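For clarity, every value in this text was computed on a predicted model and none was experimentally measured. All values below come from the heavy atoms of this structure, side chains included, with hydrogens, waters and symmetry mates left out. Within every chain, numbering begins at 1; the chains are lettered A, B, ... in the order of the sequence lines, protein sequences first and strands thereafter.
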Amino acid sequence: MKQTIKALIENAALAAYEKGALPSDTFPPVTVEEPKVESQGDYATNIAMVMAKAQKMAPRKIAEAIVAEIPVEGLVERLEIAGPGFINLFLKKSTWLTAISRVEAGGEAYGASQLGAGKKVQVEFVSANPTGPLHVGHGRGAAVGDSTARILNFAGFEVDKEYYINDSGRQIRTLGLSLFLRYKALCGQTVEFPGDCYQGDYIIEMAREVQADKGESLLAMEQDEAVQICARIAADEILSGIKNDLEAFGVPFDNWFSEQSLYDEGRVMETIDELKAKGTVFEKEGALWFKATDYDDEKDRVVVRSNGQTTYFASDIAYHMNKFERGYQRLIDVWGADHHGYIPRINASIEATGHNPEDFDVILVQLVNLLRGGEPVAMSTRSGEFVTLKDVVDEVGADAARFIFLSRHYDSPLDFDLDLAKKKSNDNPVFYVQYVHARITSILEKAKTERNLTVSAVPTELLSEPEEITLMKAMLRFPDVVDTAARLLEPHRISYYLMDLASAFHSYYNKHKVLTEDTHLSAARLRLVASVRQVIKTGLALLGVSAPEKM
RNA sequence: GCGCCCGUAGCUCAGCUGGAUAGAGCGCCGGACUUCGAAUCCGUAGGUCGCAGGUUCGAAUCCUGCCGGGCGCACCA
C-alpha cells in the first residue's frame with residue numbers, strides 16, 4: 001500500500017512539473033509514512049519539504065502544486081496540507097475493504113514480493129564447531145538466520161541456507177585428544193586430562209561408546225592415529241547431534257559445507273596462489289601475510305604461519321570465494337557479536353579476490369544471557385557447564401524459543417528467561433499471537449457446524465466498525481512490513497507486526513461478535529477474520545513458528 | 001590505548017534508515033466471563049529518549065566530545 005501511495009505522489013509531482021507548476025524535475029527520495037495521530041491522515045508524505053531546496057519554493061507552495069495533481073477518484077478520500085508542508089492523505093473506506101480481497105487473492109503468498117528479483121542469496125549461519133552441542137547462543141543465531149532466509153525468500157530472493165563445518169584444524173585434534181584420553185581412562189589407565197581439552201560429560205559418554213564398540217584396540221595404536229580416529233568419531237557424532245537439534249528447532253539447511261573439503265580439493269592452496277599472483281600477499285618473519293591494510297583493515301593478516309600451516313582465515317577466504325563461484329550474488333553471514341573484528345578482513349579478502357564487498361553482509365547477533373527466574377545461568381563450553389539448545393527446546397518448546405529470539409533486534413543483547421518462556425500469558429507473546437489463529441479457527445468451525453456459514457465472496461460494505469477498519473489497515477501494512485524486514489534483514493519487525501495485528505484482533509473480538517443474528521453481517525465478518533487468520537499464519541511461518549488450530 | 005555495538009517509562013524492549021503530541025508488553029492500581037476460547041479485553045498512573053554541544057524548517061534517529069555498560073584487538077578458531 002505504501003508503494004502505491006508513493007507512486008501516486010511521485011506521479012503527481014511529475015505531472016506538476018510537466019505543467020510548469022514546479023520548476024525542477026530533480027526529485028529526492030520520498031518517504032511515505034503512517035502518522036501516529038488519526039487527524040494527520042492515513043498516510044503522510046514529506047515530499048514538499050525535502051524538495052524545497054531543489055525547487056527553491058516554499059514547502060507549502062510545493063505541496064499545493066502536488067496536491068492539485070493527485071486524483072481524488074481512486075483510493076483517496078481527501079487531502080490536506082498540514083504543518084510545515086506535510087501532505088496528509090485520507091483514504092476511502094473502499095480502499096480499506098480491498099484488504100480482504102487482497103489477502104484472499106494472495107492466499108499464502110499475500111505479502112510476498114519481487115523485491116529480490118530472483119537474485120541468488122546464500123545465508124550462512126550457526127556454523128558452530130562440531131566440538132560440542134549447540135547452546136542457547138547458537139539458537140539465537142539459528143532463529144535469526146533461518147527467519148531471515150525465509151523472509152528473503154518470501155521477498156523474491158532465491159535463498160540457500162548453509163552450515164559451514166569447521167572440521168579441520170586444531171580444535172578438532174583437541175576434540176580427538178579429549179575423547180581418546182577419556183577412553184584411555186575408562187580402559188583403566190591413569191591419564192592427566194589437560195585443562196584445554198573439552199571437559200563436558202558428553203565426551204565421557206562418547207568414550208563409553210567407543211569402548212563398547214572397539215574394546216581396547218585403540219590403545220595398541222600409535223597415539224596420533226588413535227587420536228585421529230577419535231577425532232573423526234567425535235566430530236561425526238557431535239555433528240549428527242547438531243543436525244538433530246536444529247531439526248527439532250525447525251531449522252533445516254540446504255547445504256552442510258565442510259571446511260576440510262576446501263583442503264582436500266586444493267581450494268585453499270589455489271586461493272593462496274591467486275593472492276600471490278595478484279601481489280596481495282607478502283612474506284615476513286617466515287610467515288605469509290595478506291595485505292589487508294590495502295583494503296581498509298587495520299592490520300595485515302597471516303594466511304600461512306611460519307610453521308607452514310594455514311590459518312583459519314586462509315580457508316575462510318577460500319570459502320567465501322567459493323560461495324561466489326557457486327553463483328551466489330549476495331552473501332549473508334550470521335555471526336556472534338564477538339566476531340565483529342573479523343568483518344574488515346573478510347571484506348578485504350572479498351575485494352582482493354575480485355568481488356564486491358557490497359554483496360557481502362554480516363548480521364552480528366548479540367549474545368544471549370540465559371536466566372532462570374531472573375538469575376543468570378552460567379555457561380561455558382570448555383568447562384562443560386552450559387544449557388544446550390536441546391535443553392531449552394525440550395523445556396520451553398521450539399515455538400516459544402524462536403519467538404523470543406526473534407522478538408528483539410539482533411543488535412541488542414537478549415535476556416532469555418527459561419521460566420518466563422514457559423508462562424502461558426502475555427509475558428510470552430508467542431501464545432498471544434498463536435491464540436489468534438486458534439480462536440479464529442474455532443470461530444470458523446462454529447460458523448460451519450452451527451450456522452452452516454463458510455467463507456464466501458459476500459459483500460464487505462457492512463464492515464464499518466472502527467475495530468474492523470483497524471484490522472483491515474493492519475493487514476494492508478503486512479506487505480510493507482515484509483519489505484522492510486527483507487531490506488534491513490530484520491526479522492523482529494515481523495514479530496512486532498504480529499503482536500500488533502494480534503492485539504487489534506483481540507480487541508475486536510472482545511467488543512464485537514463475529515456470528516450475530518444478522519447473517520449478512522456475520523458472513524462479512526467471517527471473511528474479515530479468515531483474512532486475519534491467513535496473515536497471522538503467513539507471518540508466523542516467516543518466523544518459523546507454528547500456527548496451531550487448537551491450544 | 002584503538003575499534004564495533006548499546007544507553008528510550010520501575011523492568012524488558014519497539015520506534016519503518018531525519019518528521020508532527022516518543023510507543024508496546026510486564027509490573028502497579030481499578031474494572032469486564034449465564035453470550036463465537038478470559039492464554040483475552042477496557043481504563044488510570046508512569047519520560048529533560050545517558051550528558052553537553054553541533055548540523056536544519058524539524059533530531060530518540062545524523063556529526064563531535066564526554067559518562068556508563070557489553071564485546072573485540074593472535075603466526076587461536
Hey, is the side chain of [X] pairing donor to acceptor with the base of [N] inside 3.5 Å?
X      : N     : answer
A/H340 : B/G3  : yes
A/Q309 : B/C75 : no
A/D316 : B/A77 : no
A/D338 : B/G72 : no

Which base, if any, makes a Watson-Crick or G-U wobble pair with [N], both distances under 3.5 Å?
N     : answer
B/G37 : none
B/C28 : none
B/G7  : B/C67
B/G23 : B/C13

Between [options], which nucleotide has the shortest distance from any of its atoms to the side chain of [X]?
X      : options             : result
A/L515 : B/A77, B/A14, B/C36 : B/C36
A/W289 : B/G37, B/A77, B/C75 : B/C75
A/P84  : B/G19, B/C75, B/A14 : B/G19
A/V37  : B/C41, B/G15, B/U21 : B/U21

Quiz item: Taking NZ, NE, NH1 and NH2 as the nitrogens, is one of them in A/E358 or A/R330 under 4.0 Å from a carboxylate oxygen of the other?
Solution: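 A/R330 and A/E358: not salt-bridged.
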Self-check item: Ion pair A/K323/A/E124, N-O distance below 4.0 Å
Solution: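 Counted as a salt bridge, because a side-chain N and a carboxylate O are separated by less than 4.0 Å.
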Students often get this wrong, so: under 4.0 angstrom with heavy atoms, is [X] touching a base, only sugar-phosphate, or nothing?
X      : answer
A/T484 : sugar-phosphate
A/H339 : base
A/D167 : nothing
A/K446 : sugar-phosphate
A/E298 : sugar-phosphate
A/E549 : base
A/N46  : base
A/Y342 : base
A/A438 : base
A/A485 : nothing
A/Q366 : sugar-phosphate
A/H512 : base

When you measure from the side-chain N and O atoms of [X] to the phosphate of [N], is any distance below 4.0 Å, counting only OP1 and OP2?
X      : N     : value
A/S306 : B/C75 : no
A/S503 : B/G25 : no
A/Y509 : B/A38 : yes
A/R439 : B/A38 : yes
A/H506 : B/A38 : no
A/Y435 : B/A39 : yes
A/K36  : B/A20 : yes
A/Y410 : B/A14 : no
A/S412 : B/A14 : yes
A/R301 : B/A74 : no

Between [X] ([atom1]) and [N] ([atom2]), how many Å, whole number?
X      : N     : atom1 : atom2 : value
A/F505 : B/A24 : CZ    : P     : 21 Å
A/L488 : B/G15 : CG    : P     : 9 Å
A/E33  : B/G58 : CD    : C1'   : 12 Å
A/E80  : B/G19 : CD    : P     : 21 Å
A/F431 : B/G25 : CZ    : C1'   : 16 Å
A/R60  : B/A20 : CZ    : P     : 17 Å
A/N307 : B/A74 : CG    : C1'   : 13 Å
A/Q40  : B/U21 : CD    : C1'   : 8 Å

Cationic tip of [X] above [Y] ring, under 6.0 Å, 45° of axis:
X      : Y      : value
A/R78  : A/F90  : yes
A/R439 : A/Y509 : yes
A/K291 : A/F282 : yes

Quiz item: Is there aromatic stacking of A/F86 against B/A20, centre distance under 5.5 Å, plane angle under 30°?
Solution: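 So A/F86 counts as stacking on the base.
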I'd like the [atom1] distance from [M] over to [N], given in whole Å.
N     : M     : atom1 : answer
B/C51 : B/A22 : P     : 16 Å
B/A77 : B/G46 : C1'   : 48 Å
B/A32 : B/U17 : P     : 43 Å
B/C16 : B/G27 : C1'   : 29 Å
B/U12 : B/C75 : C1'   : 44 Å
B/C42 : B/G58 : P     : 38 Å
B/A9  : B/C5  : C1'   : 23 Å
B/G65 : B/G1  : P     : 14 Å

Quiz item: Would you call the rings of A/Y342 and A/W335 parallel, tilted or perpendicular, where under 30° means parallel and over 60° means perpendicular?
Solution: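 Because their plane-to-plane angle is over 60°, the rings of A/Y342 and A/W335 count as perpendicular.
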Quiz prompt | 5′-ward residue of the pair A/N166/A/K299 relative to RNA chain B | solution =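 Here A/K299 is the residue nearer the 5' end.
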Quiz item: A/T310 or A/M551: which one's nearest nucleotide on RNA chain B is closer to the 5' end?
Solution: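 Nearer the 5' end of the strand: A/M551.
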Quiz item: Do A/Y496 and A/E490 get their side chains close enough for a donor-acceptor pair, meaning under 3.5 Å?
Solution: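 Their side chains do not contain a donor-acceptor pair, so the 3.5 Å distance test is not met.
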Quiz item: Going by atom types only, do A/E549 and A/H437 share a side-chain donor-acceptor pair under 3.5 Å?
Solution: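 No donor-acceptor contact under 3.5 Å links the two side chains.
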Quiz prompt | ring pair (Phe, Tyr, Trp, His ring centres under 6.0 Å) between A/Y319 and A/F257, worked out | solution = CA-CA 9 Å; A/Y319 179 43; A/F257 193 96; 5.0 Å; yes
Quiz item: Is the number of heavy atoms from other residues, nucleotides or ligands within 6.0 Å of CD (A/E10) greater than 12?
Solution: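 For A/E10, atom CD is crowded (more than 12 foreign heavy atoms under 6.0 Å).
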Quiz prompt | Anti or syn - B/C33, cut at 90° from 0 | solution =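 Syn for B/C33; the angle stays within 90° of 0.
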